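Worksheet: one structure, shown below.
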2 protein chains.
Amino acid sequence: MQNLLRSYHLFSEAEIESLGPYLRSRRLEKGDYLIKAGKICTEIAFVQSGLLRSYYTKDDGEEITYCFTFENTLMTAYSSLITGLPSPENIQALVPTELWVLQKRDLEALSQQSINWILLQKHLAEQQYVELEKRIFSYQKEKASERYRDLLSAQPHYLQQIPLQYLASYLGITRRHLSRIRREMLERVN
Amino acid sequence: MQNLLRSYHLFSEAEIESLGPYLRSRRLEKGDYLIKAGKICTEIAFVQSGLLRSYYTKDDGEEITYCFTFENTLMTAYSSLITGLPSPENIQALVPTELWVLQKRDLEALSQQSINWILLQKHLAEQQYVELEKRIFSYQKEKASERYRDLLSAQPHYLQQIPLQYLASYLGITRRHLSRIRREMLERVN
DNA sequence: AATTTTTTGGGACAAATGTCCTCTAAATCG
DNA sequence: CGATTTAGAGGACATTTGTCCCAAAAAATT
């Protein structure tokens, strides 16, 4: 996590050290939850190793994958963390996963000490926004097969670990349709 | 704009006053642009009255509406403002529109004077994120007719001013399909 | 290792959505 | 005001995507 913080060029080495006492190490086994829908999210996790999936549930009970989080990035039920409202998302480990967890209240305490922690939060929110804007664009202008193709080229090897049914709902389509898309891509190669 | 700032409960009255000298009033006639794609966005606009539309262009030349901005809210080519990269979006007035425009560099100067301007930016980024998350959810789990219905109930009267073709691409569908959806809604009423 | 559960691929058919085009109404412009 | 452009509805047909289903393969469990 410290390396991630360094990469933002916001913090002194002392500030980065000062974070240490607030980080709690946590291990999730496959299938364990970081947060369940309906709870209010009060923490931010850094994925040291492993893979997380966020999903929510439609009225009819169908699970829809909102996003994945790979190694060396941050994960939280962001809208709940921001608004203080119950999380619509469940966050679950797809494989055994090692985390460093920071409590929101501790981040707020750090923010009293140095403005840089506020700048970090501003930066992260902006980054997240830019990501989602790209995703909106892809829903508006691409068909499912193109979105899948983009995803494959953006996240080549991580995707191997993700069951196809999760990828399908992430793309906004059914398993059946993703299966068809994959078949068509194979045929094009031959 | 001052009323909008007050609503965040971040600023003293003096701070709100201090913004005044940096705001430039601007009027856009119908069809005029606030920013064109390819330019780097360096300003934030408050819509005093009127209506803006942001859109980008597909490779085949088709225009896709990204969002609308109504009265008493802020508008900017946000991803470009954040990243400093050329904007993918065009922002255009759909009707005669009165704006207050703040330069990014002036906001940065204000941010040197009071941390509250940074907190404002953090807050705005977070708000934007929450909006987009909702929109992603709707693309993933709703069909076009449901997205249209939601839009109608969220923005009842503003929508009257917006040509249907713009609504269609905002929803991620064609004009033809939106026409069908509207017809079906009428039939259900009768 | 055997059993059970989950995941995947795909057939058959249905529904949603797109493409192309035409006609009419409405808005814009000279 | 008349001429021209733009927006909207919708027919006919094509493509994309969904639903329901089943069987094989893979993974998890006992």
Side-chain angles (χ1 to χ4, degrees), chain A residues 28-32 51 53 55 57-65 68 92-96 138-152 159-190, chain B residues 28-32 51 53 55 57-65 68 92-96 138-152 159-190:
Chain A
L28 299 179
E29 297 307 325
K30 177 171 181 174
D32 286 354
L51 173 57
R53 164 193 177 232
Y55 71 92
T57 308
K58 282 211 299 188
D59 301 336
D60 65 6
E62 187 187 343
E63 289 183 1
I64 304 211
T65 297
F68 303 102
Q92 188 182 35
L94 289 186
V95 298
S138 81
Y139 281 116
Q140 286 182 302
K141 73 178 181 191
E142 293 175 330
K143 55 186 63 167
S145 58
E146 292 163 337
R147 292 203 294 279
Y148 180 59
R149 204 177 278 274
D150 291 353
L151 187 61
L152 281 184
L159 295 187
Q160 307 304 325
Q161 308 171 64
I162 301 177
L164 290 174
Q165 45 177 335
Y166 298 161
L167 287 185
S169 66
Y170 175 83
L171 293 169
I173 60 178
T174 57
R175 279 169 268 168
R176 179 70 190 85
H177 191 48
L178 181 55
S179 156
R180 248 181 315 233
I181 289 168
R182 286 162 58 86
R183 141 91 83 140
E184 279 156 17
M185 287 177 60
L186 282 178
E187 278 170 3
R188 210 146 291 172
V189 171
N190 301 338
Chain B
L28 297 179
E29 296 307 324
K30 177 172 181 175
D32 287 353
L51 173 55
R53 164 193 176 229
Y55 71 92
T57 308
K58 282 211 300 187
D59 301 337
D60 65 7
E62 188 187 342
E63 288 182 2
I64 304 211
T65 297
F68 304 101
Q92 189 183 35
L94 289 185
V95 298
S138 80
Y139 281 116
Q140 285 182 303
K141 71 179 182 191
E142 293 176 328
K143 55 187 63 167
S145 58
E146 293 162 338
R147 292 201 295 280
Y148 180 59
R149 205 178 278 273
D150 290 354
L151 187 61
L152 280 184
L159 294 186
Q160 307 305 326
Q161 309 170 63
I162 301 177
L164 291 174
Q165 47 177 336
Y166 298 159
L167 287 185
S169 66
Y170 175 83
L171 294 169
I173 60 177
T174 57
R175 280 168 268 168
R176 180 67 188 87
H177 191 48
L178 181 55
S179 157
R180 249 181 314 234
I181 289 169
R182 287 162 57 85
R183 141 91 83 140
E184 278 155 19
M185 287 178 62
L186 281 178
E187 278 168 3
R188 210 146 292 172
V189 172
N190 303 337

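Treat the numbers as computed from the prediction; the structure is a model and nothing was measured. The sequence lines fix the lettering, A, B, ..., with proteins before strands; numbering per chain opens at 1. Quick note: numbers below take in every heavy atom, side chains included, and nothing from hydrogens, waters or symmetry partners.
- Rounded to an integer number of Å, the gap from L186(A) CG to dT8(C) P is 15 Å.
- More than 12 heavy-atom neighbours from other residues, nucleotides or ligands sit within 6.0 angstrom of CG on D60(A).
- Rounding to whole angstrom units, OH of residue Y166(B) and P of dA27(C) are separated by 14 Å.
- If you take CG of L164(B) and C1' of dA26(C), they are 13 Å apart, rounded to a whole angstrom.
- Of the candidates dA7(D), dA9(D), dG9(C), dG9(C) carries the atom nearest the R182(A) side chain, counting heavy atoms from C-beta on.
- Minimum interatomic distance between Q140(B) and Y170(A) (heavy atoms only, all atoms of both residues): NE2-O, 3.2 Å.
- Summarising the local packing, CZ of R180(A) is surrounded by more than 12 heavy atoms from other residues, nucleotides or ligands at distances under 6.0 Å.
- The side chain to side chain donor-acceptor pair (under 3.5 Å) with E63(B) is formed by just one residue from the set K58(B), Q92(B), R53(B); it is R53(B).
- Going from atom CD of E63(B) over to atom P of dT6(D) covers 12 Å, rounded to whole Å.
- Between L159(B) and L151(B), the shortest heavy-atom contact is CD1-O, 3.6 Å.
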Q: Can you check each nucleotide of nucleotides 13-30 of chain D against protein heavy atoms at under 4.0 Å and return B for base, S for sugar-phosphate only, - for none, in 5' to 3' order?
A: ---SBBBB-------S--

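- Regarding contacts with the backbone of dG9(C), every side-chain N or O of R183(A) stays at 4.0 angstrom or more from both OP1 and OP2.
- In this view, Y139(A) and Y139(B) satisfy the ring-ring contact (aromatic ring centres under 6.0 Å, His included) rule, not counting sequence neighbours.
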